[in-house]
Structures are given as structure tokens and as C-alpha cells.
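Have a look at the structure below before the remarks.
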Amino acid sequence: MTSVQQPLPFLKGHGTENDFVIIPDPDGKLDLSARDVARLCDRRAGIGGDGLLRVVRAAAHPEARAMADEAEWFMDYRNSDGSVAEMCGNGVRVFARCLERFGLAEAGDLAIATRAGVRRAHLAKSGTGDAQDGDGGVTVSMGRAELPEDGVTVRVGERAWAARHVSMGNPHAVAFVEDLAHAGSLLEAPVVEPAAAYPDGTNVEFVVDRGPRHVALRVHERGSGETRSCGTGACAVMVAAARRDGADPVADGQPVTYTVDVPGGRLVITERADGEIEMTGPAVIVAEGTVDPEWLDGQEA
């Protein structure tokens, strides 16, 4: 049960149609349970979203206090089922845009604390004419990818593919397929073997080629199901595609950029020579309002 006593302010936003309920809680006073989060993210009985972003000062959150000297704000990200997640790349962009909307950040550079560490973002000014959404884009430094040597397999029905294990602070299994339809409905999580490679579950990306350094994906996000976009997934896919294509910027000193199409739009991903991965894409705030605390407190058992 939540501790909310007054109307609860919220924003609704999306990045390439990966959408979020955004709750401002600068002093970390809210106690939103997994059940509360799932209710808010419900697309029929709630506001609706792939996840929830709680905006908290890093100094006010026990998981972020150690990062408070580096980043003032902490992105407390929850999946739509209420489970806690380490990172969300599209969420970081929307979070940055939200800080600007609240007057807590200006266009330019800022640092955001996440459970996967501090991520740095650059906000273009709103209304600068992004070709996709009519809003300024946001570039986020996503950190370095880790590529465990685990051999993993992804299965959907009778089909199976060898997949690449990539960590972007959260886990991914990347499978290159002939047709995105082979991913099936993605209503349920694809089977990933061995399960021991992902003790806490994983996000699964299905990828096809669209052209030179241009790929498209569908994704099943852990705790959310199929979503219209996944920022960390797009980064994981870019790294897996680059290695498949023989590119390794850290080894050869040459940065590489891929265009990654997702069902909800397009992201541009660059891996620099130092291994840092940068993701650029839109971040849009579409609505704001308040949640009735009696509705949130009055959930049926």
C-alpha cells in the first residue's frame, strides 16, 4: 500500500514510443510498492506505460547516495510489473527531458544517477526540430558494454538461434534472425538457455539487417513484455552487430556508428575508441496531471 495522501503529480513521456509514467519525488518520501507501480502502468485501468521513472535526489535515496557528489538526480526505474531494473536507456533520455520540464536542468550536459552507475546526457533545446518528434534529441553516454563469453541460445517455438550475451548494466541476449516475424508474438518471454547465464532473467533482442551498419530489432523486455523500443537493447544490438561485422573500436581505434530501427522509431548508436557507447534519440513529454490517492489506495486485494 502506498503512503500517498495528496493528489500525486505525474508526467507521461516516451522515447521512440518506449513510454513511462514519471513521478516527481525529490525528497524520496513516497513509498510506491510493486503493486502501486503495476497499477499506475496498467494500460486499461491506470495511466499506462512500459515502466515508471521516479525522480529523486540522489542524496535522498539509499541506493544513490554514493553518487550524489557526481549526480544530483537519481532515476529510480521500475518495470511495468513493479520489479526493479538496473537501467533503461530510453528512460534516461526521458528522465533528462523531464528534469528540463520541471526546471531542474537546462539544455546542455547533465549527470544522472542510475542503479547501473552515473550516466551523462546532453539535451538539445526543446523545439529544435527533431525529424521524428518535433523535439530536441537527447544523447546519453551509456557506459561500456561487457560481453561475457557464455554461449547462449534463444528459442521461439521450433526455431533456435545462437545468441550474443551483452551487458549494458542490464542483461541482453541478442539473436540475429532472417525475419523479425520469427520472434513470434513475444507475449511471453522467449526461452534462453542455459538459464544460469541469466540468473535474474534477461532482455531478448531479435535483429535483422537493413543495410550497411543499419539494423532493425524487436525486443522482449524483462518484466514488461514486448515494447516499442529499448535503449539499452539498441546499444547491445549495435555492439553485437559491430563484433559480428569485425569492428571493435577499442582494438582498432576507430569509432563505429550504427542506425538501429525499433518499432517506435530510430536510434543512432556510436561506440567510441575508448569503448564508451553513445545513444541519440528523441525524448518527448506528452501529458501531465495528478493521480487520485483514493484510487491508488483503494486497490482490490
Side-chain angles (χ1 to χ4, degrees), residues 1-26 28-56 61 74-95 97-98 101-102 114-115 133 170 183-190 200-205 218-233 262-265 282-301:
M1 186 67 66
T2 180
S3 62
V4 175
Q5 301 297 322
Q6 302 294 326
L8 179 66
F10 76 90
L11 297 180
K12 177 72 183 288
H14 78 92
T16 51
E17 298 183 11
N18 193 190
D19 62 335
F20 309 96
V21 179
I22 307 148
I23 303 294
D25 182 25
K29 294 182 177 180
L30 292 178
D31 178 22
L32 293 177
S33 68
R35 193 180 188 188
D36 296 330
V37 172
R39 184 72 182 275
L40 288 164
C41 290
D42 189 294
R43 295 194 180 279
R44 292 180 176 84
I47 298 166
D50 293 323
L52 182 142
L53 310 175
R54 186 166 65 112
V55 181
V56 190
H61 197 288
F74 172 61
M75 183 181 79
D76 176 15
Y77 178 63
R78 314 288 184 89
N79 296 312
S80 62
D81 65 355
S83 59
V84 173
E86 302 92 339
M87 246 296 286
C88 177
N90 288 318
V92 172
R93 296 201 319 277
V94 173
F95 189 93
R97 183 63 72 204
C98 177
R101 176 69 168 262
F102 289 148
T114 76
R115 290 185 175 87
D133 290 285
N170 59 354
S185 69
L186 293 182
L187 293 176
E188 297 181 357
D200 299 315
T202 187
N203 305 286
V204 183
E205 287 79 27
R218 287 178 64 196
V219 58
H220 184 283
E221 284 199 64
R222 177 185 56 172
S224 296
E226 183 173 16
T227 60
R228 300 283 293 169
S229 179
C230 177
T232 56
V262 297
V284 184
I285 303 300
V286 300
E288 62 181 310
T290 58
V291 177
D292 183 349
E294 292 185 4
W295 169 79
L296 199 57
D297 284 341
Q299 301 173 40
E300 295 180 2

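To the nearest 0.5 angstrom, Thr202 atom OG1 is 11.0 Å from Glu221 atom CD. With rounding to the nearest 0.5 angstrom, the CG atom of Leu32 is 13.5 Å from the CZ atom of Arg39. The distance from the CE atom of Met75 to the CZ atom of Phe95 is 7.0 Å, given to the nearest 0.5 Å. Taken from CZ in Arg54 to CG in Asp25, the straight-line distance is 5.0 Å, to the nearest 0.5 Å. Between the OG atom of Ser224 and the CG atom of Asn203 there is a distance of 8.5 Å, given to the nearest 0.5 Å. With rounding to the nearest 0.5 angstrom, the CG atom of Leu52 is 5.5 Å from the CD1 atom of Ile23.
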- May I have the step-by-step check of salt bridge (Lys or Arg N to Asp or Glu O under 4.0 Å) for Arg222 and Asp81, ending in yes or no? CA-CA 10 Å; Arg222 177 185 56 172; Asp81 65 355; over 6 Å; no

- Message: Run Ile47 and Lys12 through side-chain contact (heavy atoms from CB on, under 4.5 Å) and show every step you take.
- Response: CA-CA 8 Å; Ile47 298 166; Lys12 177 72 183 288; 4.2 Å; yes

- Run the side-chain contact (heavy atoms from CB on, under 4.5 Å) check on Cys88 and Phe20 step by step: do they pass? CA-CA 11 Å; Cys88 177; Phe20 309 96; 3.6 Å; yes

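Taking each heavy atom of Asn90 and Gly231 in turn, the nearest pair found is ND2-N, 3.0 Å. Taking each heavy atom of Asp31 and Asp36 in turn, the nearest pair found is O-OD2, 3.8 Å. What you find for Pro9 and Pro24 is that their closest heavy atoms are O-CD, 3.3 Å. The two residues Thr232 and Gly89 have their closest heavy-atom pair at CG2-N, 3.5 Å. Scanning both residues, Val55 and Cys98, for their nearest heavy atoms gives CG2-SG, 4.2 Å. In terms of heavy-atom proximity, Gly49 sits nearest to Ser80 at O-CB, 3.5 Å.
Put simply, the side chain of Phe102 reaches to within 4.5 Å of the side chain of Leu11, judged on heavy atoms. Within the 4.5 Å cutoff, the side chain of Glu226 has no heavy atoms near those of the Val219 side chain. Side-chain contact between Glu17 and Ser229 is absent, with no heavy-atom pair separated by less than 4.5 Å. No side-chain heavy atom of Cys230 sits under 4.5 Å from any side-chain heavy atom of Val262. Between Ile22 and Phe10, every side-chain heavy-atom pair lies at or beyond the 4.5 Å cut-off. In this structure, the side chains of Leu53 and Asp76 stay at 4.5 Å or more apart for every pair of heavy atoms. For the pair Arg93/Pro282, a side-chain contact is recorded, criterion being any heavy-atom separation below 4.5 Å from C-beta on. With a 4.5 Å cut-off on side-chain heavy atoms, Leu8 and Leu30 count as touching.
Judged by distance alone, with hydrogens and angles left aside, the side-chain atoms of Asp42 form a donor-acceptor pair with the main-chain N or O of Ala45 at under 3.5 Å.
For Arg218 and Glu205, the salt-bridge test fails: no basic side-chain N is under 4.0 Å from an acidic carboxylate O. The existence of a salt bridge linking Arg78 and Asp50 is excluded, since no basic side-chain nitrogen approaches an acidic carboxylate oxygen closer than 4.0 Å. Between Arg115 and Glu86 no salt bridge is recorded (no basic side-chain N to carboxylate O distance below 4.0 Å).
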